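Bear in mind the structure is a predicted one, so any value in this text is a computation, not a measurement. Chain letters run A, B, ... following the sequence lines, proteins first, then strands; residues in each count from 1.
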Protein chains: 2
Amino acid sequence: MVEKDTRRRTIHDVAQAAGVSISTASNALNGTGRTNAETRERVIRVAKEIGFRPNALARGLLSKRSHAIGMLTNDTYGRLTLPMAAGVSEVLVDHGLSVFLCATNNDPRLARLHLEALLDRQVDGIIFTATRLDLEPPAELAKLAIPVVYAFAEGPPETISFFPDDAQGARLAVEHLKGLGRSRILHITGPEDYLSVRIRAEAYCESFGKGAEVHYGDWSEEWGHEAIDAVFSRPGEKPDAIFCGNDEIARGVIDALRDIGITVPKDVAVVGFDNWEVISRQTRPPLTTVDMELKEIGRRAGLAILRLTQGEAVPTGITRLSCRLVVRQSCGGQAG
Amino acid sequence: MVEKDTRRRTIHDVAQAAGVSISTASNALNGTGRTNAETRERVIRVAKEIGFRPNALARGLLSKRSHAIGMLTNDTYGRLTLPMAAGVSEVLVDHGLSVFLCATNNDPRLARLHLEALLDRQVDGIIFTATRLDLEPPAELAKLAIPVVYAFAEGPPETISFFPDDAQGARLAVEHLKGLGRSRILHITGPEDYLSVRIRAEAYCESFGKGAEVHYGDWSEEWGHEAIDAVFSRPGEKPDAIFCGNDEIARGVIDALRDIGITVPKDVAVVGFDNWEVISRQTRPPLTTVDMELKEIGRRAGLAILRLTQGEAVPTGITRLSCRLVVRQSCGGQAG
DNA sequence: CTGAAAGCGCTAACAT
DNA sequence: ATGTTAGCGCTTTCAG
């Protein structure tokens, strides 16, 4: 009994089966050089028949392009990184680029380990993503010979970065509330040492004008509760709208308001930030919130890397991508 | 002015700089063959000096091992896939294996595209992960010449699969409640067509015994609300504990109980399933819940692939990994 | 239009 | 102990 040959078919097999030389087979398959239409078709047919698939390693060795990129992320794939990864992958898969996912877990040793592995594998480029804008990317990245793109992170000058436009997102929220006739809008948000927190707060202050009031805290529902309890237990005029720094805070705010008998959105309108659906769809009422379009950020980063690996130029600097307001019922919008 | 040579250093450069032949350099660096200790050290030193890093493509071409594996996942990286990916990566990175992440988004075209790309890249193995146990993995996977491991998914007979032990997890929850003196435990869970739902429900019934009562619904907070409203508005004895099919349902349950003036955990204890922290830490009181140890599933899958790629045998069949009960305050546990 | 040959960077027999 | 050589699978001059 003859053992079945389980080896992968090589271009050598194709050439032999088609009765041509290896180089002719290669030319035919890649449409390079001059090849008789007839032979070309025969070669292509044979290749399909015997299930030939070119070895990407051999190709990469020769072309010095691996058609793979690395995605380096500082966290264990939080809710920010993943939508971005989806966007990256979506853009690249149809161009034959694969993605190595490297979670560094904020550990510099791991980061270097992954980075070296990526370079050894001759990746055509690297996308660095982080969980907050003001996290310093590894300095080595800037010195690499291959293209690097920063997503949700800021690279050094002359590099390419994609950000959500936090200021525009905040304005979107405030203008929406103003348009609904709200006039005493409070901002309850996260820790002041986050860059996005400061940007959003500043845009809120500018957009709302006199009477703006920012409460910094942490990213938790509990903080939303606390803040509401504090604000509504003090004397004086009460707010008629709350713009929250993220959806978790917004959820705490909404729950706290209900607890003290205030109706959302009739008495107080609430807007969140993130559109993290497990929260924003489940608040009662569902939450109007600002979506940072993370997937789009990923897409843009992927596209940029794609262009760069093809030798095209991509403008350097920070590109701020617009946020989108997702209107649900917590502001008095239509039921839906 | 001489252009700086930005080419990557090759073993040829090392050999030249160390004044030895290429093969001696190779032997010295890899510790293969016989090499004089002195030359070996010199070669290694020189290699480090000029920043030599071996080209993984060339190595892979020769050894037919790319030291990369593919992770194929059916969803756009949901909360289930990601912890598993983290576990996989954690185990493999120190062994020099990199991971291609391929999100198929439940699209068969994408799945095949990714699979072919992985094979072209000569990956050493593939891990398939899904978002539910009873999702049929692509049939092509079983026929591959390389090792395949299924995580949170069931492969065909004679393959290797890792599952959470849903039945044990459910028993953990029920026994915990019984141990706390609860005697009228209800099970409010997800859609009956989910295998995990059926397994958990069955284990609950067996463990709780006479009087078991299962309410099937969907995976939402809303359903938790509805179910509680229905149960507490009907005549007859009321439950003193609820075992929920996931954390979202549990959150709805807790909120609904509070709405009708029932205190958790005093009057009714609640246990969830998933330990999705954005929910389970934020319920009031925080939720006692069953953790499926997804990261551990990923680790085991990664370890299995590692063994297989090294030619070691790994027992086939389904391995069910124990769940862990995370005790918070929704059952009357200690405050923490 | 086709084929022979060189070589990408590396490893592993085999000579020396 | 070290060097020479062949070759992994592929693309690409360059002769024919």
Side-chain angles (χ1 to χ4, degrees), chain A residues 5-44 46-47 50-68 96 117 119-124 145, chain B residues 5-44 46-47 50-68 96 117 119-124 145:
Chain A
D5 188 356
T6 179
R7 259 186 34 254
R8 290 197 57 165
R9 305 298 154 192
T10 72
I11 198 165
H12 181 259
D13 300 324
V14 176
Q16 192 168 1
V20 295
S21 78
I22 291 186
S23 51
T24 304
S26 174
N27 280 331
L29 291 169
N30 299 308
T32 54
R34 289 157 298 274
T35 329
N36 188 342
E38 193 190 344
T39 12
R40 181 164 52 244
E41 273 164 38
R42 180 158 41 92
V43 169
I44 291 174
V46 166
I50 68 175
F52 167 73
R53 312 225 79 229
N55 182 326
L57 263 39
R59 277 197 162 171
L61 182 56
L62 208 48
S63 67
K64 308 203 179 291
R65 294 205 40 206
S66 63
H67 293 276
L119 295 176
D120 292 354
R121 289 170 195 290
Q122 316 288 115
V123 290
D124 298 339
Chain B
D5 188 356
T6 180
R7 259 185 35 252
R8 289 197 59 164
R9 305 298 154 193
T10 72
I11 199 164
H12 182 257
D13 300 323
V14 177
Q16 192 168 357
V20 296
S21 78
I22 291 188
S23 54
T24 304
S26 173
N27 280 331
L29 291 169
N30 299 310
T32 54
R34 288 156 297 276
T35 331
N36 188 343
E38 194 189 343
T39 13
R40 181 165 51 243
E41 274 163 36
R42 180 158 41 90
V43 169
I44 290 174
V46 165
I50 68 174
F52 168 73
R53 312 226 80 229
N55 182 325
L57 263 38
R59 278 195 162 173
L61 182 56
L62 205 49
S63 67
K64 307 207 179 290
R65 295 205 39 207
S66 63
H67 294 276
L119 296 176
D120 291 354
R121 288 169 196 290
Q122 317 287 116
V123 290
D124 298 339

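With a cutoff of under 4.0 Å to any heavy atom of chain B, the contacted region of DNA chain D is bounded 5' to 3' by D/dA1 to D/dG9.
As judged by a 4.0 angstrom heavy-atom cut-off over every strand, A/Ser63 is placed among residues making no nucleic acid contact. Residue-level contact check: A/Thr24 touches the bases, meaning some heavy atom is under 4.0 Å from a base atom.
In the helix from C/dC1-D/dG16 to C/dT16-D/dA1, the end axes, each obtained as the rotation axis mapping the C1' atoms of four pairs onto the next four within a five-pair block, lie 50° apart to the nearest 10 degrees.
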- Query: When every nucleotide of nucleotides 8-16 of chain C is labelled 5' to 3' by its protein contacts under 4.0 Å (heavy atoms), B for base, S for sugar-phosphate only, - for none, what sequence of letters results?
  - Reply: BBBBB----
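A side-chain hydrogen bond (donor to acceptor under 3.5 Å, both in side chains) check over residues 54-64 of chain A, counting only residues at least two apart or in different chains, returns the pairs A/Asn30-A/Arg59.
Side-chain contact between A/Pro54 and A/Ile11: absent, with no pair of heavy atoms (C-beta onward) separated by less than 4.5 Å. Between B/Asp13 and B/Phe52 the shortest side-chain heavy-atom distance does not fall below 4.5 Å.
Using a distance-only test at 3.5 Å, with no hydrogens or angles considered, a donor-acceptor pair links the side chain of A/Arg42 to the main chain of A/Ala18.
The closest side-chain donor-acceptor pair between B/Thr35 and B/Asn27, if any, does not fall under 3.5 angstrom. With no hydrogens or angles considered, a side-chain donor-acceptor pair links B/Arg8 and A/Gln122 at under 3.5 Å.
With sequence neighbours left out, the side chain to side chain donor-acceptor pair (under 3.5 Å) criterion links B/Asp120 to A/Arg53. Partners of B/Thr24 under the side chain to side chain donor-acceptor pair (under 3.5 Å) rule, at least two apart in sequence or in another chain, are B/Ser21.
The two residues A/Thr32 and A/Ser26 make their nearest non-hydrogen contact at OG1-O, 4.4 Å. Across all their heavy atoms, B/Val46 and B/Ala17 have their closest contact at CG1-CB, 3.5 Å.
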